[in-house]
Every structure is written in structure tokens, then in C-alpha cells.
Engineer: 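Just dropping this structure here.
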Amino acid sequence: MREKLCDYYNIIFEKELIEEIIKFGAFKSLKKGDLLIDINQEITDIPLLLNGAIKIVRENAQGEELLLYFLERGDTCAISFNNCIRRKKSLVRGVVEKDCEVIYLPISKLDDWLSKYKTWREFVIDSYNIRLNEMIEAIDTLAFMNMDERLYKYLTDKVQIMRDTTLNTTHFQIAQELNTSRVVVSRLLKKLENQGRIKLSRNKIEVLDF
DNA sequence: ACATTAAGTGATT
DNA sequence: AATCACTTAATGT
């Protein structure tokens with residue numbers, strides 16, 4: 001656990017804080033598809049992401065989804081941070097997109113550390129800022145981009161997150177995350193394939209141009 | 001061989 | 001860009 005934590009966080013956290021995280025944190029491995037947090041669920045823990053990726057999704061009354069953004073190493077959900085301390089319910093759903101290793105931090109410590117460690121304070125503030133920027137980007141995408149642009153952005157973003165140019169997913173799943181219909185996704189993907197930017201097969205999309 | 005699920009497509013709104 | 005209705009293709013049993 002120490003190695004995995006230091007692998008990335010030793011450059012941003014002071015030594016004493018690292019020690020506390022190791023002492024009070026609970027290490028856990030998560031598999032693709034695991035549900036971290038659901039909408040309206042009370043947030044009980046804050047996971048610190050060591051690797052892998054988590055997708056954050058919003059849902060409407062009909063149960064239709066919309067992908068907001070991904071969390072990666074070095075991220076923690078800043079939204080959940082406040083909710084956690086104030087005992088509020090989650091506004092979003094978090095699902096493991098790529099197998100993860102995380103350290104769960106106890107709520108009681110989060111508060112202590114704020115006053116105790118400068119690096120923790122900075123980390124939390126930065127996290128808020130990063131989340132805000134991601135939200136703005138999500139809004140921009142939604143408001144200013146056409147479906148074909150959104151789809152292409154989705155594909156390239158996912159390639160980045162997965163660190164793999166071959167995506168194992170169905171047109172239907174993509175449609176759900178973009179909150180559109182499968183038929184539309186299939187058509188636009190076909191168009192991208194004809195442009196030579198991707199290659200399609202069943203349950204698989206190869207992104208050639210990214 | 002058959003059923004099930006994924007993907008492709010024309011026509012219409 | 002969404003929806004309908006239908007076809008074709010891939011895959012599991």
C-alpha cells in the first residue's frame with residue numbers, strides 16, 4: 001500500500017500526511033462495473049484513487065444517463081468531499097470504468113487534516129477546481145457540440161482514460177452515456193468509419209485517429 | 001439449427 | 001437528431 005500510494009502522492013503530500021493515510025486508510029481493489037456511489041445514497045467514505053478510472057454519471061427521472069466526466073489517479077471526488085462532511089446525499093453515480101485501487105479515508109480524519117496539513121488543504125482546493133473545470137467542459141460539450149462531435153470526443157476521451165485504442169463497448173452503451181439513441185450512434189459511427197477514423201466490429205471499436 | 005443480441009439502413013417526422 | 005420498422009450479422013446453446 002505504501003509503495004502504491006507514494007508512487008504518485010509522495011510528490012504532493014508531505015511525509016507525515018502519507019504516514020497518516022497509511023495508518024487510517026483502507027486499501028481496496030475495485031473491478032470494472034463496481035458501483036462506488038449511487039444517486040441519493042449517503043456518502044460514507046472518500047476514496048483516494050491510486051490507479052484505474054471511475055466514471056461519474058448523472059441520471060434523469062426516466063433512468064436515462066448522462067456521462068459527466070472520469071476520475072483518474074490523483075483525483076478524488078471533491079463533490080463527495082463536502083457532501084461527506086455535511087452528510088448530504090450524492091447527486092451523481094460513480095461506477096468503476098477501469099479496474100481501480102483506492103484508499104478509503106475515514107471522514108473524521110479529513111477534517112483534521114485540513115487544519116493540520118498544508119498539502120492536504122491544497123489538494124482539496126485543487127480538487128474542487130479541477131472538478132469545476134470538468135463540469136464546465138461537460139456543459140460546453142453538451143451545449144455547443146453536435147452529436148457527431150460529442151461522439152468523437154467521447155471516443156478519444158475514452159481512449160485516453162483506458163490507455164487503449166480498442167474500446168470494448170456496444171453502440172447501445174455509448175448511446176446511454178451520451179443520452180441519445182442507439183440508431184443515431186450507429187449511424188455516426190459508420191460515418192466515422194467511412195472517414196477512416198475508426199474501425200468497427202461487434203462489441204469493439206478501434207480508434208485510429210486520436 | 002435456433003434463439004438472442006448487436007449492428008446497419010431506409011423512410012418519416 | 002429521434003423514432004419506427006425492418007434486415008443482416010455475430011454469437012451462444
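Since this is a predicted model, take the numbers as computed values, not measurements. Per chain, numbering begins at 1; letters A, B, ... match sequence-line order.
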Engineer: In terms of relative ring orientation, are A:Tyr9 and A:Phe123 parallel, tilted or perpendicular, with 30° and 60° separating the classes?
Structural biologist: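 Perpendicular, since the angle between the ring planes exceeds 60°.
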Engineer: Find the distance A:Leu200:CG to B:dG8:C1' and express it as a whole number of Å.
Structural biologist: 10 Å
Engineer: Test your reading of the model: is there a side-chain donor-acceptor pair from A:Arg58 to the backbone of A:Glu65, 3.5 Å cut-off?
Structural biologist: no
Engineer: Could you verify whether a donor N or O on one side chain and an acceptor N or O on the other, from A:Glu20 and A:Tyr117, lie under 3.5 Å apart?
Structural biologist: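 Present: a donor and an acceptor within the cut-off.
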Engineer: If you assign each of A:Leu188 and A:Arg182 to its closest nucleotide in DNA chain C, which residue comes earlier from the 5' end?
Structural biologist: A:Leu188
Engineer: Measure the distance from CE on A:Met145 to P on C:dA1 and round it to the nearest whole Å.
Structural biologist: 11 Å
Engineer: Mind calculating the distance between NE2 (A:His171) and P (B:dT5) to the nearest angstrom?
Structural biologist: 17 Å
Engineer: Please classify the nucleic acid contact of A:Thr170 as base, sugar-phosphate, or nothing, using heavy-atom distances under 4.0 Å.
Structural biologist: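 Contact class for A:Thr170: sugar-phosphate only.
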Engineer: Take atom CZ of A:Arg202 and atom P of C:dG12, then tell me their distance rounded to the nearest Å.
Structural biologist: 8 Å
Engineer: Starting at CD1 of A:Ile37, measure out to CD of A:Glu42 and round the result to the nearest 0.5 Å.
Structural biologist: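 The distance works out to 9.0 Å.
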Engineer: Please give, in whole Å, the distance from C:dC4 C1' to A:Arg187 CZ?
Structural biologist: 11 Å
Engineer: How close or far is atom P of B:dG8 from atom CZ of A:Phe172, stated in whole angstroms?
Structural biologist: 16 Å
Engineer: Would you say a side-chain N or O of A:Thr180 is under 4.0 Å from OP1 or OP2 of C:dA2?
Structural biologist: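 A:Thr180 to C:dA2 OP1/OP2: side-chain N or O found under 4.0 Å.
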Engineer: From the set C:dA2, C:dA1, B:dG10, return the single nucleotide nearest to any side-chain atom of A:Val183.
Structural biologist: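 Minimum distance to the A:Val183 side chain belongs to B:dG10.
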Engineer: Could you tell me whether the side chains of A:Ser90 and A:Gln41 share a donor-acceptor contact shorter than 3.5 Å?
Structural biologist: no
Engineer: Output the single nucleotide from C:dA10, C:dT3, C:dA1 whose closest atom is nearest the side chain of A:Met147.
Structural biologist: C:dA1
Engineer: To the nearest angstrom, how far is A:Leu151 atom CG from C:dA1 atom C1'?
Structural biologist: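 Checked: the CG to C1' distance equals 13 Å.
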Engineer: Nearest whole Å is fine: how far is B:dA7 P from A:Ile198 CD1?
Structural biologist: 11 Å
Engineer: Side chain of A:Ser186 only, please: which of B:dA6, C:dA1, B:dG8 is the nearest?
Structural biologist: B:dG8
